[in-house]
Peer 1: 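Before we start, here is the structure in question, set down as C-alpha cells.
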Amino acid sequence: MPTPYAYFQGSVVPLSEAKIGVMTHAFNYGTAVFEGIRGNWNEEHQRTYVFRLREHMERLAQSSKILGLELKESTDRLCELAMEVVERSDFSEDVYLRPMVYASGEVLGVRLHNVAFDTLIFLAPFPAYLPETARCHTSTWRRVDDTGIPPRAKVTGIYVNSALAKTEANLNGFDEAIMLNADGHVSEGSGENIFMIRNGKLITPTPADNVLEGITAKSVVEIAKNEFGIECVERQIDRSELYIADEIFMTGTAAHLTPVVEVDRREVGDGKVGPITRQLSQLFFDVIKGNNEKYKHWCTPARARVAN
Ligand code: PMP
C-alpha cells in the first residue's frame, strides 16, 4: 500500500507526520488559501499526469495576493515540490494534491497581519467526486459576494458557504447544489463552475458573478473552441434559463466534466447526456490522462512506475 507524503514545514515527510497544533490560526479562523490539483493515473503509461500544475500554483499566488499574504516559494519551486510529493507517494490511482498557504502562527486574534504564514502540500487518493451524471437543485444558500470574502480567491473559510449548499443538496436527495449570487443570477456549484448549452452555444456566468475562475473551465472552453469550433459566451444566467437549456454540465478539478441531467426536478433537454457535452467530455478525459499529444503540455508527467 503506498504511503501518502506531504511537504510540511520545509521538508517532504510522510503525511502521518504532518500535524498542526489546535491553536493554529488557520484552524481557528479559516485564514488560509489553497488549491486542488488532480494527478490522473494512466494505467497504460504506468504513470500519473498532473493536470495544469503551473496554472494552479499561479492561482495560489493570486489568492495569496488578494489576501495580502507573502508566498515564500516561487511558482517553479511549488511545482517541483508538488511533483516530489507525487513521486514519493507513488500511488497507482487518481490522486488529489492540496497546496495551502496557511496562517501557521499559534496566536489568538482575527487578522491577516502580524501572524506567521507557512506553505504545505499534501496528497490523498481521490476517486470520482460526483456520479457520472448529476441531479442538481438550486440552493437556498447564496454564493458569497466579492464584498464579503472574494470568491475568486480560494480561501478555506469560504468553503463553509460551499459546505452548507452541498449538504443541503445531498440531504434533499440531489448530487450537487447550484448557487445563485446575491442578485439572484446563477453563480456556480459548491465546487464546480457551470455551463449551459443553448442553440449550440456554450454559455457560462461571468467572473463578476462571484465565481472561482476555474482552470478546468478554461481548459474546456479552449478545447470547445479549438476542436469543435464552439465559442463560449460569458454572461449572466437566470435560474429559469437553466430549465430550458439544451444541455448543462459542471467542471472542476474534483468533478472533472460532469453532465447535469436534472435541475430542480426538471429534466435537462431529454434527461440524457447531450451530444455536445458527450463530445467535450470524451476529449477532456483523454486530455487529462495525457493521451492527447496536442494538449500534453497541460499534463506534467510523474516518473513512470517500475514493476517490482
Ligand atoms: N468553483 C469552486 C467554488 C471550486 O471550489 C472549484 C474547485 N477548485 C471550481 C469552481 C472549479 O475550479 P477548478 O476547475 O480550477 O478546479
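Since we're looking at a predicted model, the values are computed, not measured. Only this structure's heavy atoms are used, side chains among them; waters, hydrogens and symmetry mates stay out. Atoms within a ligand are numbered from 1 in the order they appear, just like the ligands themselves.
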Peer 1: Which residue pairs satisfy the side chain to side chain donor-acceptor pair (under 3.5 Å) criterion with at least one member in residues 206-215, sequence neighbours excluded?
Peer 2: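 For residues 206-215, and leaving out neighbouring residues, the side chain to side chain donor-acceptor pair (under 3.5 Å) pairs sorted by first residue read Asp145-Asn210, Arg152-Glu213, Asn181-Asp209, Thr206-Asp209.
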Peer 1: One pair per line, please: each N/O atom of ligand 1 matched with every protein N/O atom under 3.5 Å away, atom names first, then the distance to 0.1 Å.
Peer 2:
residue: ligand 1; atom: 1 (N); partner: Glu188; partner atom: OE1; Å: 2.6
residue: ligand 1; atom: 5 (O); partner: Lys154; partner atom: NZ; Å: 3.2
residue: ligand 1; atom: 5 (O); partner: Tyr159; partner atom: OH; Å: 2.4
residue: ligand 1; atom: 8 (N); partner: Lys154; partner atom: NZ; Å: 2.9
residue: ligand 1; atom: 14 (O); partner: Ile215; partner atom: N; Å: 3.4
residue: ligand 1; atom: 14 (O); partner: Thr216; partner atom: N; Å: 2.9
residue: ligand 1; atom: 14 (O); partner: Thr216; partner atom: OG1; Å: 2.5
residue: ligand 1; atom: 15 (O); partner: Arg59; partner atom: NH1; Å: 2.8
residue: ligand 1; atom: 15 (O); partner: Arg59; partner atom: NH2; Å: 3.0
residue: ligand 1; atom: 15 (O); partner: Ile215; partner atom: N; Å: 2.8
residue: ligand 1; atom: 16 (O); partner: Thr253; partner atom: N; Å: 2.9
residue: ligand 1; atom: 16 (O); partner: Thr253; partner atom: OG1; Å: 2.5

Peer 1: Start with the C-alpha distance between Glu176 and Lys166, add both sets of side-chain angles, then the distance that settles salt bridge (Lys or Arg N to Asp or Glu O under 4.0 Å), and finish with yes or no.
Peer 2: CA-CA 6 Å; Glu176 189 50 277; Lys166 179 77 177 184; 3.2 Å; yes
Peer 1: Not counting sequence neighbours, list each pair that qualifies as a salt bridge (charged side-chain N to carboxylate O under 4.0 Å, His left out) and has a residue in residues 253-262.
Peer 2: Arg135-Glu262
Peer 1: According to the ring pair (Phe, Tyr, Trp, His ring centres under 6.0 Å) rule, which pairs have a member within residues 137-179, sequence neighbours left out?
Peer 2: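 Checked against ring pair (Phe, Tyr, Trp, His ring centres under 6.0 Å) - neighbours excluded - the pairs reaching residues 137-179 are Phe34-Tyr159, His137-Phe174.
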Peer 1: Looking at Tyr29, I'd like to know if its OH atom is crowded, meaning that more than 12 non-hydrogen atoms belonging to other residues, nucleotides or ligands lie closer than 6.0 Å.
Peer 2: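 More than 12 heavy atoms, drawn from other residues, nucleotides or ligands, come within 6.0 Å of this atom.
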Peer 1: Please work out which of the three classes, parallel, tilted or perpendicular, describes the rings of His297 and Tyr295, given edges at 30° and 60°.
Peer 2: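 It falls in the parallel class, under 30°.
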